[in-house]
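Working notes, structure below.
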Amino acid sequence: MTPAGTDALAVARCSRCRVREAVYLRASSGEALCLRCLWDEVLALASRALSRVTPSPTSRFLVPISSFAPSASLVAAAALSVIERRFRSSVIVGLPSFYDPEVAGPLSGRHNLEVQVFEVTPGPPEQAELISCIRYDRAWALRAAESVGADVIVLSLTRTDLTMALLEALLSGPTEGVFDGQPSYIVRGVKVVNLFYLVEREAMAALEYLEGYHVEPACWPRVVTKGVMMSIAGAPERDYGAVSLSVELTSLLKASGTCVACGAPSKGALCGPCQSMGLNQLSVGPSRRGLGGLPASLKEGP
C-alpha cells in the first residue's frame with residue numbers, strides 16, 4: 001500500500017513549510033505535506049488526545065501492539081516517545097506472544113521506550129467483527145497494565161476507525177457497542193485513550209508506509225457498515241461528529257454491569273464478543289522470552 005496521491009506528487013513542495021519536498025497528498029483536501037509536517041500535525045493532535053486523560057508527569061503508559069492494527073500501534077509508540085520526552089513518565093510497548101518479537105524492531109532507537117513481551121492466551125481469532133477486535137485488545141491490555149502497574153493504556157484507533165465502530169454498533173448491534181467508539185474512558189481504574197481519535201485513517205496509513213511500519217495483523221477485522229459509511233460521508237476521512245455522538249450515546253446506556261474481560265457495558269459477566277472469543281479463559285502475564293536480539297530499553301527518539 002502506498003499513501004494516497006504519491007504518484008501525483010512528483011517534486012511538489014510541502015503546502016505548509018514551503019521548503020521540503022512533499023511525500024503525502026491528502027485526498028480529502030488536496031494538501032501536500034512533507035514527512036516532517038505530517039509528523040508535526042499527528043503529534044499535535046495526539047497531544048490533544050492525551051490531554052483528555054490528564055496523565056501525570058510520572059505516568060506509566062502501556063501501548064499494546066494491536067491484534068488488528070499493529071502498524072498503527074508502532075506509530076503510537078513512536079509518537080508517545082516524543083510527546084513524553086519532557087517528563088519522567090515511562091512508556092511500555094506491550095508485545096503479545098502471538099507476534100514475532102521482531103515486530104518491535106522498527107522502534108529501536110526511539111526515546112524512552114521499554115518493550116515487554118506478554119504471554120497472551122487465547123490468541124485472537126483470525127477474523128472478527130471490528131468491535132470484537134477492539135474488545136479483545138482492550139481485554140488483554142487491561143490485564144497487561146495491571147501486571148506492570150500502568151495507569152494509562154494508549155490505543156491507536158483513528159477517528160475513521162471510531163466512526164466505523166459507532167456505525168457497526170448502531171446498524172449491526174448490540175447497541176452497547178457504542179461504548180467502543182469513545183475517544184477515552186476509564187475501565188477498572190485504568191485510563192484508556194485512543195491517541196489518534198483526531199487523526200483520519202488516511203494520514204495514519206501514510207505514516208505507517210513512510211516510516212516502514214508494516215506488520216500483518218493477527219486478526220483481520222470485518223467491517224459490515226463500511227459501504228454505508230462511504231455512501232454517507234463520501235470518503236472515510238470525513239468527520240461528521242461521530243466521536244462526540246458516541247460519547248453522548250454511551251452516557252445513555254443503562255447496562256446492569258460491565259464485562260469482566262474488556263470492561264464494556266454488559267448484562268452478563270462477559271459481553272457477547274468476549275464470550276464468543278472464549279475470554280473467560282484469558283490469561284496474560286509478562287514473559288521471560290527474549291526479544292530476538294532487540295534491547296529491552298530503546299533510546300533516542302526521532
Side-chain angles (χ1 to χ4, degrees), residues 60-70 72-73 92-101 103-104 115-157 161 165 168-169 172-182 185-192 194 215-224 253 255-291:
R60 194 167 175 81
F61 298 93
L62 173 69
V63 184
I65 303 298
S66 168
S67 64
F68 69 99
S73 298
I92 299 170
V93 180
L95 182 60
S97 54
F98 49 81
Y99 284 124
D100 189 288
V103 162
V115 177
Q116 172 65 61
V117 179
F118 289 93
E119 293 293 340
V120 181
T121 54
E126 292 184 2
Q127 188 180 79
E129 290 75 18
L130 176 61
I131 289 175
S132 293
C133 293
I134 294 172
R135 294 191 177 188
Y136 178 85
D137 282 350
R138 187 169 63 240
W140 79 258
L142 282 167
R143 300 286 184 90
E146 181 180 0
S147 71
V148 297
D151 56 304
V152 182
I153 294 174
V154 178
L155 303 180
S156 57
L157 293 174
D161 301 323
E168 293 284 288
S172 302
T175 55
E176 289 87 352
V178 299
F179 176 86
D180 303 278
Q182 299 180 94
Y185 41 86
I186 298 177
V187 180
R188 295 205 294 270
V190 178
K191 298 175 180 178
V192 182
N194 284 296
V215 181
E216 289 293 313
C219 177
W220 289 93
R222 291 194 298 266
V223 183
V224 177
L253 289 177
S256 57
T258 57
C259 175
V260 297
C262 74
S266 176
K267 297 175 182 177
L270 285 173
C271 65
C274 287
Q275 181 71 47
S276 66
M277 290 185 289
L279 298 192
N280 57 317
Q281 301 294 324
L282 182 64
S283 174
V284 180
S287 173
R288 298 292 181 182
R289 185 157 57 98
L291 290 175

Rounded to the nearest 0.5 Å, how far does OG of Ser66 lie from CG of Leu157? 7.0 Å

Nearest 0.5 Å, what's the CD1-CD1 distance between Ile153 and Ile92? 11.0 Å

Which atom names give the shortest non-hydrogen contact between Val178 and Ala169, and what distance separates them? N-CB, 3.4 Å

Separation between SG of Cys259 and CZ of Phe179, rounded to the nearest 0.5 Å: 10.0 Å

So with a 6.0 Å cut-off around CD of Glu146, is the heavy-atom count from everything else above 12? no

Which residues satisfy the salt bridge (Lys or Arg N to Asp or Glu O under 4.0 Å) test with Arg222, sequence neighbours excluded? Glu129

Describe, in one word, how the ring planes of Trp140 and Phe118 are oriented to each other, choosing from parallel (under 30°), tilted (30 to 60°) and perpendicular (over 60°). tilted

Contacts of Phe68 that satisfy ring pair (Phe, Tyr, Trp, His ring centres under 6.0 Å) - sequence neighbours left out: none

How far apart are the closest heavy atoms of Pro122 and Leu279, and which atoms are they? CG-CD2, 4.1 Å

Rounded to the nearest 0.5 Å, how far does OG of Ser283 lie from CD of Glu119? 8.5 Å

Quick one: pull up OG in Ser156 and CG in Asp137 and give me the separation to the nearest 0.5 Å. 8.0 Å

For Leu95, which of Ile65, Val120, Val63 qualifies under side chain to side chain contact (heavy atoms under 4.5 Å, CB included)? Ile65

Check Ala144 against Leu62 and note the closest heavy-atom contact, atom names and distance. CB-CD2, 3.8 Å

For a 4.5 angstrom cut-off between non-hydrogen side-chain atoms, does Cys219 reach Tyr136? no

Minimum-distance pair of heavy atoms, taken over all atoms of Pro64 and Val154: CD-O, 3.3 Å

Please check: side-chain N/O of Arg188 versus main-chain N/O of Val260, any donor-acceptor pairing under 3.5 Å? yes

As an exercise, state the distance from OG of Ser67 to OH of Tyr99, rounded to the nearest 0.5 Å. 6.0 Å

What's the shortest heavy-atom distance between Leu270 and Gln275, and which atoms? CD1-OE1, 3.4 Å

Would you sort out whether Ser97 and Ser287 count as a side chain to side chain contact (heavy atoms under 4.5 Å, CB included), showing the intermediate values? CA-CA 8 Å; Ser97 54; Ser287 173; over 6 Å; no

Compare every heavy atom of Val187 with every heavy atom of Gly263, then report the nearest pair and how far apart it is. CA-CG1, 3.5 Å

Apply the test side chain to side chain contact (heavy atoms under 4.5 Å, CB included) to residues Cys271 and Glu176: give CA-CA distance (whole Å), side-chain angles for both, the deciding distance (0.1 Å), then the verdict. CA-CA 9 Å; Cys271 65; Glu176 289 87 352; over 6 Å; no

Any residue meeting salt bridge (Lys or Arg N to Asp or Glu O under 4.0 Å) with Asp180, in chain and number order, not counting sequence neighbours: Arg135, Arg138

